[in-house]
Amino acid sequence: MLDIQLFRENPDLVRQSLVRRHQDASAVDEVIKLDEKRRALLQQAESLRAEKNQASKAIGKTKEPDQRQEQIAAMQALGDQQDSLETELKELEPVLKALLGTFPNLVDDRVPEGLDDSENQVIKTVGEKPLFDFEPKAHWDLGPELGILDFERGTKLSGTRFYILNGLGARLQRALISFMLDTHTKNGYQERYTPFMVKEDIVYASGQLPKFADNLYHDHEEDFWWVPTAEVSLTGLHKDEILEENDLPISYTAYTPCFRREKVSAGREVRGIKRGHQFDKVEMYIYCHPDDSENQYQRMLADAEGICSKLNLPYRVNNLCTGDLGFAASYTADLDVWAAGCGEWLEVSSISNTRDFQARRAAIRYRPKEGKGTRFVHTLNGSGLALPRVMIAVLENNQQKDGSVIIPEVLRPWMGGVEVIEPDTN
RNA sequence: GGAGGGAUGGCCGAGUGGACGAAGGCGGCUGUCUUGAAAACAGCUGUGGGUGCAAGCCCACCGGGGGUUCGAAUCCCUCUCCCUCCGCCA
């Protein structure tokens, strides 16, 4: 949510940001108009109410019955006037609030100009792509041949885009989750296990609603929304809270499955386990002081990169361009890992500074050590990392000519000592 | 799922129609006293919004929403959550 003050004091800033996102800016004027109307109504309604409050107090003090009746009659007339004003206000306020909630975050000046993901800028590439003296297989061949990946039965259970992990495949995923959680915990993130189904206002707070309702799963009977990312739960964690400045920054990590209604048509683009309706992810999330959010962003980016490095996966860091930037983000970097079999860079993480955008939506503030009142915290989120695509890269990059896959060394403590996944032992 | 009882400020807890944004206590902050600390005493101690250069003034908020009334923490309706007992269940 953007600050309504921005629309009053610097509407051009909002317009320019929308233009940079290649979005229509006409609703800015609508907000200004509604806000002016709201304030005019509010002032009228409040002064009437003040008058009434005063008169009511006077009635309470009046002992003489006739005089009392007179005063009450006068107040009844005032009441009708007030009713109509307040009815109008009550209709207007949700409209204004809903409209304000549709504006995406302000784009940071540093975000490069661009229409879509093809114009994202690669900042750096780290690690060497593995070389093979044979033709490396894609995971959709490699996995089934190893017996760790079963597409047919996944489809039988749940339809297209679902799969079963068998034996060491399932174990590898579990090892990756534990490895990531343990690594982040060592880096100062507190682990949280959160609900995977949350209430509507929680999804709204992180910015996935109302705009992306089409991509979410929703139980209509119970008002439950399946989380599309742990970012939703981790934003909701401190909703409507006032934090102490001394406690900041607060860093969390959480493992959750993620549920998304992907409306992409079937085809090569979605072959394998790259994109599904359900996938696992370890998330990082930070609440911090506004002056600290750039530092925390660098920290989070480094922590996400650290996972890639430890797994020995070649990766690159992309600066998202204005056209690809998410709704709640002011700036974002994506991490792609190289998958040698399918020959693709796979997006495994997205690290964003939302500044006070989510905090404002979720009403998450802190009490400054000095000065009065409260201020909104800054929040950052980043995958650390998304599991299926990391699995793809681990499998494809570490495959050998005989079809076996060597387990990266850092994962072996969680693999019960298994060093190699051999064909047909699963 | 059934029956009953609850929800008040950072915390505990009083308040059943008018002087209540809310007693009292605890905690916290400031001051006096003290070499310092403790104790004692005094004062202060919520959030959001409108308006104003500011001091301030005004409005709202006693779990959420709606209603009755000139006036609601207090009465009525409704929802949510919590507790106790029964049932069911991993």
Side-chain angles (χ1 to χ4, degrees), chain A residues 1-9 31-101 193-205 218-225 233 236-248 250 257 287 356-377:
Chain A
M1 180 107 66
L2 296 179
D3 189 351
I4 187 77
Q5 295 288 352
L6 272 176
F7 291 80
R8 291 176 196 161
E9 290 161 11
V31 169
I32 295 171
K33 205 178 79 192
L34 287 175
D35 178 51
E36 278 167 2
K37 193 170 170 197
R38 185 188 83 93
R39 280 189 291 167
L41 280 170
L42 191 64
Q43 281 166 39
Q44 287 178 58
E46 283 194 349
S47 68
L48 255 182
R49 209 177 305 169
E51 191 181 336
K52 218 167 108 177
N53 284 349
Q54 222 169 11
S56 287
K57 270 182 194 168
I59 292 173
K61 285 176 187 151
T62 303
K63 296 282 180 286
E64 215 275 303
D66 287 349
Q67 197 186 345
R68 205 181 161 97
Q69 275 316 310
E70 229 172 85
Q71 288 173 320
I72 289 175
M75 277 306 100
Q76 278 167 335
L78 239 176
D80 293 343
Q81 217 188 120
Q82 194 195 353
D83 278 350
S84 76
L85 274 173
E86 294 200 343
T87 304
E88 213 178 329
L89 252 182
K90 268 182 197 161
E91 283 165 8
L92 183 69
E93 276 174 340
V95 172
L96 175 59
K97 203 184 162 207
L99 181 62
L100 202 57
Y193 171 85
T194 64
F196 305 154
M197 301 143 81
V198 297
K199 294 189 285 187
E200 179 164 332
D201 60 319
I202 300 297
V203 189
Y204 180 86
H218 178 212
D219 175 14
H220 292 270
E221 286 177 13
E222 301 287 350
D223 182 32
F224 277 133
W225 296 75
S233 318
L237 221 50
H238 289 296
K239 184 170 181 288
D240 296 323
E241 291 184 21
I242 299 172
L243 308 169
E244 293 305 323
E245 181 172 349
N246 281 333
D247 293 337
L248 301 176
I250 301 174
Y287 298 77
D356 66 358
F357 186 82
Q358 285 179 329
R360 195 177 292 279
R361 267 173 116 86
I364 304 165
R365 291 159 291 166
Y366 72 95
R367 207 182 301 282
K369 277 182 279 196
E370 281 164 31
K372 281 196 273 187
T374 58
R375 291 183 66 193
F376 290 106
V377 297

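Bear in mind that the values here come from a model prediction, so they are computed numbers and not experimental data. Convention: sequence-line order gives letters A, B, ...; per-chain numbering from 1.
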Find the partner of B/rC44: check Watson-Crick (N1-N3 plus N6-O4 or O6-N4) and G-U wobble (N1-O2, O6-N3) distances, both under 3.5 Å, and reply none if neither fits. B/rG28
So CZ of A/Arg365 and CD of A/Glu245: to nearest 0.5 Å the spacing works out to 15.0 Å
Taking atom P in both B/rU35 and B/rG21, what distance in whole Å separates the two? 46 Å
Distance check, C1' atoms only: B/rC83 and B/rA40, in whole angstrom units. 41 Å
Starting from C1' on B/rA60, measure out to NZ on A/Lys90 and report it in whole angstrom. 11 Å
With rounding to the nearest 0.5 angstrom, report the CG to CG distance, A/Leu42 to A/Leu85. 10.0 Å
Rounded to the nearest 0.5 Å, what's the gap from CZ on A/Phe224 to NZ on A/Lys199? Could you check? 8.5 Å
Strictly by Watson-Crick or wobble contacts shorter than 3.5 Å, is anything paired with B/rA14, and which nucleotide is it? none
For the P atoms, the ones on B/rA73 and on B/rU30, what distance do you get once it is rounded to whole angstrom? 34 Å
Euclidean distance for P, B/rA19 against B/rC61 (whole angstrom): 14 Å
Mapping A/Ala50 and A/Ala73 to their closest nucleotides on RNA chain B, which lands nearer the 5' end? A/Ala50
Could you please name the option among B/rC59, B/rC70, B/rU47 that lies closest to any side-chain atom of A/Asn53? B/rC59
Atom pair distance, as rounded to whole Å: CG in A/Leu243 and P in B/rG10: 14 Å
Paired nucleotide for B/rG52 [Watson-Crick or G-U wobble; both distances under 3.5 Å]: none
Just to be sure I understand the rule, does A/Ala55 reach a base, reach only the sugar-phosphate, or reach nothing, if contact means heavy atoms closer than 4.0 Å? nothing
Please measure how far the P atom in B/rC76 lies from the corresponding atom in B/rG27, and state the result in whole Å. 38 Å
Send over the distance from A/Lys57 NZ to B/rA19 P, rounded to a whole Å. 8 Å
In the structure I gave you, are the side-chain heavy atoms of A/Phe357 and A/Leu2 within less than 4.5 Å of one another anywhere? yes
Working to the nearest 0.5 angstrom, can you tell me the gap between A/Ile364 CD1 and A/Tyr287 OH? 4.5 Å
On RNA chain B, nearest-nucleotide positions of A/Gly60 versus A/Arg49: which is more 5'? A/Gly60
Inter-nucleotide P distance (B/rC82, B/rC89), Å rounded: 22 Å
Here the distance between atom P of B/rA72 and atom CE of A/Met75, to the nearest Å, is 13 Å
Whom does B/rG1 pair with, Watson-Crick or G-U wobble, provided both distances fall under 3.5 Å? B/rC86
When rounded to whole Å, the CD1 to P distance for the pair A/Ile72 and B/rG71 reads 10 Å
How about A/Gln54: does its CD atom have over 12 heavy atoms from other parts shown lying under 6.0 Å from it? no
What integer distance in Å separates A/Gln54:CD from B/rC70:C1'? 14 Å
With a 4.5 Å limit on heavy-atom distance, are the side chains of A/Leu6 and A/Ile4 in contact? no
Just by distance, do the side chain of A/Arg38 and the backbone of A/Glu93 share a donor-acceptor pair under 3.5 Å? no
Which nucleotide, in any strand shown, forms a Watson-Crick or G-U wobble pair with B/rA22, with both distances under 3.5 Å? none
Taking only the C1' atom of each, what is the distance from B/rC41 to B/rU34 in whole angstrom? 14 Å
How many angstroms lie between atom CD of A/Gln69 and atom CD1 of A/Ile59, to the nearest 0.5 angstrom? 9.0 Å
For nucleotides 48-50 of chain B, give me every protein contact, N/O to N/O, under 3.5 Å, one pair per line with atom names.
| from | atom 1 | to | atom 2 | distance (Å) |
| --- | --- | --- | --- | --- |
| B/rG48 | OP1 | A/Arg365 | NH1 | 3.0 |
| B/rG48 | OP1 | A/Thr374 | OG1 | 2.4 |
| B/rG49 | N2 | A/Glu46 | OE1 | 3.3 |
| B/rG50 | OP1 | A/Arg8 | NH1 | 3.1 |
| B/rG50 | OP1 | A/Arg8 | NH2 | 3.0 |

Regarding A/Gln71, tell me which of base, sugar-phosphate or nothing describes its non-hydrogen contacts under 4.0 Å with the strands shown. nothing
Taking only the P atom of each, what is the distance from B/rU74 to B/rC62 in whole angstrom? 8 Å
To the nearest Å, how far apart are A/Glu93 CD and B/rG65 P? 12 Å
Taking atom P of B/rG71 as reference, at what distance in whole Å does atom CD of A/Gln69 sit? 14 Å
Complementary nucleotide of B/rA73, counting Watson-Crick and G-U pairs under 3.5 Å: none
